[in-house]
Colleague: 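Submitted below is the structure of interest, expressed as structure tokens.
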Amino acid sequence: MGHEQGPGPALPLLLLLHLLWLLPHSWTASQGWRDELQNHTFQHTMYCQDGDPSVSLSETYDGDQLFSFDFTQGIRVPRLPEFANWAQQSGDISAIFFDKKFCQDMIQKIGPKLDGQIPVSRGFPILEVFTLEPLEFGKPNTLVCYVSNLFPPTLTVTWQHRSAPVEGATPTFVSAVDGLTFQAFSYLNFTPEPSDLYSCIVTHEIDGYTAIDYWVPRNALPSDLLENVLCGVAFGLGVLGVIVGLVLIICFRKPCSAD
């Protein structure tokens with residue numbers, strides 16, 4: 001596999017990132033493989049800032065986040081349970097902590113020189129809430145709150161159900177995307193009901209802007225109970241039709257027998 005080093009600490013990049021430093025690395029299929037295989041990109045991005053989180057790492061594959069990194073425990077955290085088996089890699093942990101120190105050093109040395117030269121934020125976060133699996137009433141599912149157009153990546157995500165706070169949401173996963181912006185995911189496990197009304201509330205801490213998106217049930221699949229009831233009704237109607245048919249046949253034959 002080929003290895004392409006992402007942008008280094010060039011001055012144009014520094015002018016775009018106030019108190020923020022990106023260390024991206026991308027691996028793409030080499031030219032020899034491109035004739036036979038579709039090209040894919042794995043991106044490893046570390047960023048640090050004065051806000052919370054002060055430092056973070058995201059790893060994505062074709063723009064889909066796989067892992068974040070817990071610096072207190074020194075381990076990768078999979079965004080979804082399906083990625084857990086791939087999160088065991090530990091051979092590059094020392095390099096990750098080296099990048100963390102380098103990132104923080106750059107903030108301390110260059111950040112003050114850029115103070116006031118560029119905006120503290122760019123645009124407003126955009127939200128979308130949807131279910132992870134097809135909607136089926138009474139069957140456990142997961143709500144996903146997807147946040148895009150995020151810069152800088154300082155945000156708080158909360159959930160409400162019928163205007164009441166909801167606990168149990170997963171930690172918010174933040175990853176870098178093209179164009180020096182970020183995206184975030186928050187997950188909430190729930191069992192959908194027809195009367196549900198959920199809301200995802202995102203506060204952009206750098207400027208206090210708050211965005212809200214709502215979720216209500218739509219286009220639900222029939223539940224197992226409903227399917228069983230409908231099958232039972234159809235079977236019952238079929239049996240009733242057979243009985244009525246037999247009765248009619250017997251009734252029509254009786255006059256002929258009398259003659």
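Keep in mind that the numbers below use all heavy atoms, side chains included, and drop hydrogens, waters and symmetry copies.
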Colleague: Considering all heavy atoms of both residues, which atom of Ile93 and which atom of Gly74 are nearest to each other, and what is their separation?
Modeller: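 Closest pair (atom of Ile93, atom of Gly74, distance): CD1-O, 3.8 Å.
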
Colleague: Are more than 12 heavy atoms, taken from residues, nucleotides or ligands other than Phe98, located less than 6.0 Å from that residue's CZ atom?
Modeller: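 12 or below, so no.
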
Colleague: Could you check whether any side-chain heavy atom of Leu57 comes within less than 4.5 Å of a side-chain heavy atom of Phe67, counting everything from C-beta outward?
Modeller: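 SC-SC contact between Leu57 and Phe67 ruled out.
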
Colleague: Charged N to carboxylate O under 4.0 angstrom, Asp64 versus Arg79?
Modeller: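 The answer is yes: the pair qualifies as a salt bridge.
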
Colleague: Taking atom types as modelled and ignoring hydrogens, do the side chains of Gln43 and Thr45 form a donor-acceptor contact shorter than 3.5 angstrom?
Modeller: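 Yes - a donor-acceptor pair under 3.5 Å links their side chains.
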
Colleague: Step by step, would you call Glu205 with Thr156 a side-chain hydrogen bond (donor to acceptor under 3.5 Å, both in side chains)?
Modeller: CA-CA 7 Å; Glu205 297 178 357; Thr156 300; 2.4 Å; yes

Colleague: Closer than 3.5 angstrom, by distance alone: can the side chain of Ser54 be matched with the main-chain N or O of Gln49 as a donor-acceptor pair?
Modeller: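 Judged by distance alone, no pair lies under 3.5 Å.
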
Colleague: Can Arg76 and Glu59 be counted as an ion pair, charged N to O under 4.0 angstrom?
Modeller: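 A salt bridge is present here (some side-chain N lies under 4.0 Å from a carboxylate O).
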
Colleague: Take a 6.0 Å sphere around OH of Tyr214 and say whether it holds more than 12 heavy atoms from other residues, nucleotides or ligands.
Modeller: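 Counting other residues, nucleotides and ligands, OH of Tyr214 stays at 12 neighbours or fewer.
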
Colleague: Say whether, by atom type as modelled, one donor and one acceptor occur between the side chain of Asn141 and the main chain of Thr191 under 3.5 angstrom.
Modeller: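 Checked: no pair found.
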
Colleague: Can you find a side-chain donor-acceptor pair between Gln183 and Tyr146 that sits under 3.5 Å?
Modeller: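 Their side chains do contain a donor-acceptor pair, which is all the 3.5 Å distance test asks for.
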
Colleague: Would one find more than 12 heavy atoms of other residues, nucleotides or ligands at under 6.0 Å from atom CD of Glu167?
Modeller: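 Counting other residues, nucleotides and ligands, CD of Glu167 stays at 12 neighbours or fewer.
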
Colleague: Would you say Trp215 and Leu143 make side-chain contact, with heavy atoms under 4.5 Å?
Modeller: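 In short, these two side chains touch, coming nearer than 4.5 Å.
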
Colleague: Check Lys100 with Asp105, please: is the shortest side-chain N to carboxylate O separation under 4.0 Å?
Modeller: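 No.
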
Colleague: Specify the closest pair of heavy atoms between Ala211 and Pro125, including all atoms of both residues, with the distance to one decimal.
Modeller: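 That would be CB-O, 4.1 Å.
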
Colleague: Under 3.5 Å, is there a donor-acceptor pair between the Ser199 and Trp159 side chains?
Modeller: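 Looking only at side-chain atoms, Trp159 and Ser199 do not form any donor-acceptor pair under 3.5 Å.
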
Colleague: Which heavy atom of Pro152 sits nearest to which heavy atom of Ile206, and what is that distance?
Modeller: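 Minimum heavy-atom separation between Pro152 and Ile206: CD-CG2, 3.9 Å.
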
Colleague: Quick one: do the Thr41 and Asp62 side chains pair a donor with an acceptor below 3.5 Å?
Modeller: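 There is no such pair between these side chains.
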
Colleague: Hey, can you tell me if Phe71 and Phe69 have their rings parallel, tilted or perpendicular (30° and 60° cut-offs)?
Modeller: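 It falls in the perpendicular class, over 60°.
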
